[in-house]
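Data first, discussion second: the structure below is written as structure tokens.
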Amino acid sequence: MTRILRASGADSPVLREAAAILSSGGLVAFPTETVYGLGADGLNADAVAKIYAAKGRPATNPVILHVEGIASAKVLVSHWPEVAQRLAERFWPGPLTLVLPASALVPAIVRAQGPSVALRCPSHRLALALIRAVGRPLAAPSANRSQHLSPTRPEHVASSLGEVVDLILDGGPTEAGLESTILDLSRERPRILRPGPIAPADIEAIIGPVEIWEGAVRAGEAQAAPGMAERHYAPRARLELVEPGTGCLVSEGRRAYVAFGALPLLPEGVRGISLPLDAEAVGTRLYALLHDLDDEGFDRILVEQPPDGEAWMAVRDRLRRASAKGSA
Ligand code: TXA
Ligand code: MG
């Protein structure tokens with residue numbers, strides 16, 4: 001079984017060991033402020049190939065490079081526009097990923113052979129310490145098997161990828177709970193590819209109007225961005241979105257019903273879960289809740305449509321993907 005170790009700080013032996021594993025081409029799962037990442041040396045194509053193998057990730061889906069700051073981001077792009085500078089100054093370290101034209105330093109496998117690279121500077125102190133200790137950008141997708149739920153605790157990583165990672169760094173539960181906001185700056189008009197903890201309005205306040213990729217807010221769109229597969233972030237149980245107040249109309253299997261705010265009357269035997277009417281708090285807890293329901297063996301999870309409004313966009317996006325039928 002893979003070791004799960006707590007690192008006390010930047011100069012702890014555990015962190016040094018993690019850095020040594022990464023430097024020699026191994027895989028280390030580490031906490032970020034959003035979800036746990038499955039890290040490899042981002043400039044070592046063979047090491048990055050191990051990420052794809054471990055996750056069962058299609059080669060067409062590029063990975064994010066995690067950097068320690070603006071200076072280390074700049075060498076990975078062929079052009080660092082002024083909007084990137086302003087956004088990075090405002091939101092880094094933090095849960096904003098910027099897609100930019102890649103420089104020759106970025107291995108093709110990181111980009112999935114495409115022209116651009118996704119960059120983010122995480123704010124978690126262990127993530128930053130690890131990047132610094134390795135001295136190179138870390139490629140890191142979420143540390144789960146492809147199309148499964150993202151991990152927000154070390155034990156989620158262990159149960160999804162246990163045998164294939166060399167070490168799991170334990171930083172406790174993650175804070176934001178949902179993956180970073182992804183903003184594509186490689187095109188004429190900036191476009192949000194994946195809603196996340198940083199809201200569109202926060203970005204617009206810094207750089208003006210941004211487009212929101214339709215696939216991120218509406219079901220049934222063609223896949224316009226790499227890796228934005230329709231079904232994603234999904235629990236094992238069948239998850240369905242229902243109108244608020246509907247109640248549990250399903251009769252088979254072990255059932256859970258999730259409401260935002262007050263629960264309606266539920267039939268006996270249905271587990272009722274009331275989540276707060278606070279998008280940020282729900283973001284923090286959502287994946288952990290779905291992991292727990294999976295672990296307890298629930299077959300059906302009915303979730304009320306989250307409230308409208310921009311604050312809820314990331315939660316709506318993940319729930320819509322988790323409820324999408326079939327696989328992509
Ligand atoms: O919060 C996060 O972003 C977490 C933590 C670990 O940093 N990472 C994460 O990585 O969510 P992943 O691989 O699970 O999701 C990254 C998404 C994928 O959908 C991928 O297709 C997209 O980013 N992506 C990566 N490189 C891209 C690129 N060059 N152009 C467009 N999309 C890209
Ligand atoms: Mg992922």
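One-based numbering, in listed order, for ligands and for the atoms of each. Side-chain atoms are counted along with the backbone in the values below, which use heavy atoms only and exclude waters and symmetry mates.
Using a 4.0 Å cutoff on heavy atoms, Arg120 counts as a contact of ligand 1. Residue contacts with ligand 1 leave out Glu33, since none of its heavy atoms falls under 4.0 Å from the ligand.
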I'd like to know whether Arg321 forms a salt bridge (Lys or Arg N to Asp or Glu O under 4.0 Å) with Asp317, so could you lay out the CA-CA distance, the side-chain angles of the two residues, the decisive distance to 0.1 Å, and finally the verdict. CA-CA 6 Å; Arg321 288 171 200 281; Asp317 171 72; 2.9 Å; yes
Apply salt bridge (Lys or Arg N to Asp or Glu O under 4.0 Å) to the pair Arg191 and Asp184, showing each step before the final yes or no. CA-CA 5 Å; Arg191 177 158 72 170; Asp184 187 352; 5.1 Å; no
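Looking at Ser180 next to ligand 1, an N or O pair under 3.5 Å apart turns up. Any N or O atom pair closer than 3.5 Å counts here, and Thr32 shares no such pair with ligand 1. Every N/O-N/O distance between Glu179 and ligand 1 stays at or above 3.5 Å. Checking only distances, Tyr36 never comes within under 3.5 Å of ligand 1, N or O to N or O. In terms of polar-atom proximity, Ser116 is counted as a contact of ligand 1, with an N or O under 3.5 Å from an N or O of the ligand.
Near Ala118, with a cut-off below 4.0 Å to any heavy atom, the atoms of ligand 1 are 25 (C), 26 (N), 27 (C), 29 (N). Listed by number with element, the atoms of ligand 1 under 4.0 Å from a non-hydrogen atom of Thr34 are 1 (O), 2 (C), 4 (C), 5 (C).
Between Pro101, Pro62, Gly37, it is Pro62 that holds the heavy atom closest to atom 26 (N) of ligand 1. By heavy-atom distance, the residue among Ile182, Leu138, Leu38 lying nearest atom 22 (C) of ligand 1 is Ile182.
A side-chain donor-acceptor contact under 3.5 Å links Arg254 to the backbone of Glu296.
Among the atoms of Ser142, an N, O or S atom is found under 2.8 Å from the Mg ion (ligand 2).
The heavy-atom pair separating Arg57 from Pro62 by the smallest distance is NH2-O, 2.8 Å. Residues Glu179 and Pro197 approach most closely at O-CD, 3.1 Å, considering heavy atoms. Across all non-hydrogen atoms, the minimal contact from Thr34 to Thr174 is O-OG1, 2.8 Å. Closest approach of Ala143 to Leu38, counting heavy atoms only: CB-N, 3.7 Å.
With a 4.0 Å cut-off on non-hydrogen atoms, Arg111 does not touch ligand 1 at all. Only the side chain of Arg57 comes within contact range of ligand 1, with a heavy atom under 4.0 Å; no backbone atom does.
Aromatic ring pairs are classed by plane angle as parallel below 30°, tilted from 30° to 60° and perpendicular above 60°; the pair His66 and Phe30 is perpendicular.
Counted within 6.0 Å of CD on Gln305, heavy atoms from surrounding residues, nucleotides or ligands total more than 12; the atom is thus considered enclosed.
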